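Have a look at the structure below before the remarks.
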Amino acid sequence: MALEMKVPSPGESITEVEIAEWLVQDGDYVEKDQAIAEVDSDKATLELPAEASGIITLKAEEGDAVAVGQVVCLIDTDAAKPEGGAPTPKAEEKKEEKAIPAPAAPIAKETYASGTASPAAKKVLAEKGIDAASVKGTGRDGRVTKDDAVKAVPSMGTPTSGGSRGTSRKKLSMLRRKVAQRLVQVKNETAMLTTFNEVNMQPIFDLRAKHKESFKAKHGVNLGFMSFFTLACVRALKMYPAVNAMIDGDFMIENDFQDISIAVSGPKGLMVPVIRNAENLSFRGVESEVKRLALRARDGQITVDEMTGGTFTITNGGVFGSMLSTPIINPPQSAILGMHNIVERPMAVNGEVVIQPIMYVALSYDHRIIDGKESVGFLVAVKEALENPEELLMDNNLLKALEL
């Protein structure tokens with residue numbers, strides 16, 4: 001019996017996907033639940049598992065956009081598994097493709113500009129990295145003279161070395177095309193502004209140096225920077241709820257919860273999974289959730305549901321060495337916090353110049369619903385919490401906050 005495999009719905013509002021890569025070949029024997037293809041939606045890349053065991057017949061090509069519910073392959077469930085695990089031959093062999101002879105290379109016609117160059121001219125042209133054939137000679141029978149070589153300059157786009165100048169053309173994945181569309185939409189449809197501040201990371205450095213080993217030993221996760229930033233943002237979002245809100249036409253939607261989206265790098269590009277109800281999580285809870293989501297993104301297991309929603313986003317360009325940036329809002333959210341690299345810089349402390357580890361932070365926000373007072377106040381609140389974590393994030397009870 002031939003089983004028709006149709007594209008399942010990856011999530012709400014997704015109507016089509018793109019076949020990114022077939023993981024099997026036409027005529028292979030596949031096992032039930034074996035991953036047979038990777039499909040791109042406009043939100044994530046997902047694996048397509050076989051619904052039954054049997055010989056597969058592909059009905060779509062890589063790069064094809066297929067609607068949800070469309071048949072993409074057939075599985076002959078009556079076919080016996082080949083011995084030794086070798087692929088079963090296809091029921092019908094493909095007709096042998098006839099080799100098409102390559103067209104003969106065109107014979108280059110000699111032109112006036114292809115005259116020979118004098119020895120002196122060749123030397124000058126070699127020093128300039130110019131091909132003699134590209135120079136129009138003024139000598140007898142088009143011969144390139146030394147004067148021609150001295151006056152010759154490389155034409156626009158002409159390479160002066162023997163390096164490769166090849167190009168390639170590759171179609172963007174559906175996910176990348178959707179991301180590009182959304183980014184342009186944000187720039188065109190929001191009144192986006194960015195405000196900056198700097199954070200002295202020394203208090204967090206001191207705290208982590210003292211407790212990170214015991215924290216990891218007890219909880220099995222590192223005490224990283226993300227938990228401090230996430231909880232600092234949760235505190236600031238409660239103080240400035242407009243930063244946690246969204247605009248919907250003529251209405252502003254306020255949220256009484258903090259779902260924090262975190263940007264993580266995966267094999268298919270940037271993913272933005274969501275830490276749900278971050279306001280209810282401890283340092284251990286945030287770090288455990290960050291680790292879980294990062295591993296799922298790295299292994300290509302992240303789901304659309306895990307990246308849907310979110311009321312505020314944190315992105316960390318510092319892991320790649322970024323000193324400062326203006327992050328783009330993740331719609332329909334209204335603000336995003338950008339973290340950057342930590343560099344030792346001179347800073348005035350109690351009237352003295354001291355070298356401290358400083359991080360620049362940036363808050364991009366939609367000025368349609370977030371005023372300058374709220375945006376600056378939010379970023380100052382984040383800065384205060386990070387520079388005084390024991391009091392503002394741990395309620396002066398460090399051991400309880402870290403669950404040590």
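Owing to the predicted nature of the structure, the values given are computational and were not obtained by experimental measurement.
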Asn200 pairs by side-chain hydrogen bond (donor to acceptor under 3.5 Å, both in side chains) with which of Gln356, Glu387, Arg345?
Gln356
Inspect the surroundings of CD in Glu31 and state if more than 12 heavy atoms from other residues, nucleotides or ligands are less than 6.0 Å away.
yes
Would you please say whether a donor-acceptor pair under 3.5 Å links the side chains of Glu391 and Asn396?
no
Can you name the nearest heavy-atom pair linking Pro389 to Leu207, along with the distance?
CG-CD1, 4.2 Å
Pairing of Glu287 and Lys291 as salt bridge, 4.0 angstrom limit:
no
Ring geometry between Phe378 and Phe312 (parallel below 30°, tilted from 30 to 60°, perpendicular above 60°)
tilted
Audit row: Phe215, His219, ring-ring contact (aromatic ring centres under 6.0 Å, His included) steps and yes/no
CA-CA 6 Å; Phe215 185 89; His219 303 305; 4.7 Å; yes
Could you grab the distance from atom NZ of Lys400 to atom CE of Met394, nearest 0.5 Å is fine?
13.5 Å
Do the side-chain N and O atoms of Ser364 and Thr194 include a donor-acceptor pair separated by under 3.5 angstrom?
yes
Do you know the tightest heavy-atom contact between Ser261 and Gly309?
OG-O, 3.9 Å
Quiz question: by atom type and distance under 3.5 Å, do the side chains of Asp148 and Thr138 form a donor-acceptor pair?
yes
Check ion pair Arg368-Asp366 (N to O, under 4.0 angstrom):
yes
Any donor-acceptor pair under 3.5 Å linking the side-chain atoms of Glu384 with those of Asn388?
no
Given 3.5 Å as the limit, does a donor-acceptor pair link the side chain of Asp28 with the main chain of Val30, or not?
no
Check the pair Leu231 / Val286 against side-chain contact (heavy atoms from CB on, under 4.5 Å), numbers first and verdict last.
CA-CA 8 Å; Leu231 295 180; Val286 172; 4.1 Å; yes
Look up atom CD1 in Ile262 and atom CZ in Phe229, then write down how far apart they are to the nearest 0.5 Å.
14.0 Å
Step by step, work out the side-chain contact (heavy atoms from CB on, under 4.5 Å) result for Ile75 and Met5.
CA-CA 7 Å; Ile75 299 179; Met5 268 202 59; 3.6 Å; yes
Rounded to the nearest 0.5 Å, the CE atom of Met359 sits from the CG atom of Asn316 at a distance of 6.0 Å
Taking the side chain as C-beta and beyond, is there a heavy-atom pair between Met347 and Ile355 under 4.5 Å?
no
For the pair Asn244 and Asp256, evaluate side-chain contact (heavy atoms from CB on, under 4.5 Å) and give the outcome as yes or no after the intermediate values.
CA-CA 9 Å; Asn244 197 47; Asp256 62 358; over 6 Å; no
His340 side chain to Tyr360 backbone, donor-acceptor under 3.5 Å
yes
Evaluate the criterion side-chain contact (heavy atoms from CB on, under 4.5 Å) for residue pair Lys187 and Gln185; output intermediate values, then yes/no.
CA-CA 5 Å; Lys187 295 289 287 185; Gln185 180 181 355; over 6 Å; no
Aromatic Phe228 / basic Arg208 pairing, under 6.0 angstrom, 45° off normal
no
What pair of heavy atoms forms the shortest contact from Leu58 to Cys73, and how long is it?
CA-CB, 4.2 Å
Side-chain contact, heavy-atom cut-off 4.5 Å: Ile36 with Ile56?
yes
Any salt bridge linking Arg296 with Glu306? Criterion: basic side-chain nitrogen under 4.0 Å from a carboxylate oxygen.
yes
Salt-bridged, Glu189 to Arg182, with N to O below 4.0 Å?
no
Could you grab the distance from atom OH of Tyr365 to atom CG of Leu379, nearest 0.5 Å is fine?
10.0 Å
What one should report as the nearest heavy-atom pair of Glu374 and Asp371 is OE1-N, 3.0 Å
Would you please say whether a donor-acceptor pair under 3.5 Å links the side chains of Thr311 and Asp259?
no
Whether Ser288 side chain and Arg284 backbone form a donor-acceptor pair below 3.5 Å
yes
I need the Ile260 CD1 to Glu279 CD distance, nearest 0.5 Å.
8.5 Å
Here the gap from Asn188 atom CG to Leu183 atom CG, rounded to the nearest 0.5 Å, amounts to 11.0 Å
Measure the shortest side-chain to side-chain distance between Met339 and Met226 over non-hydrogen atoms and say whether it is less than 4.5 angstrom.
yes
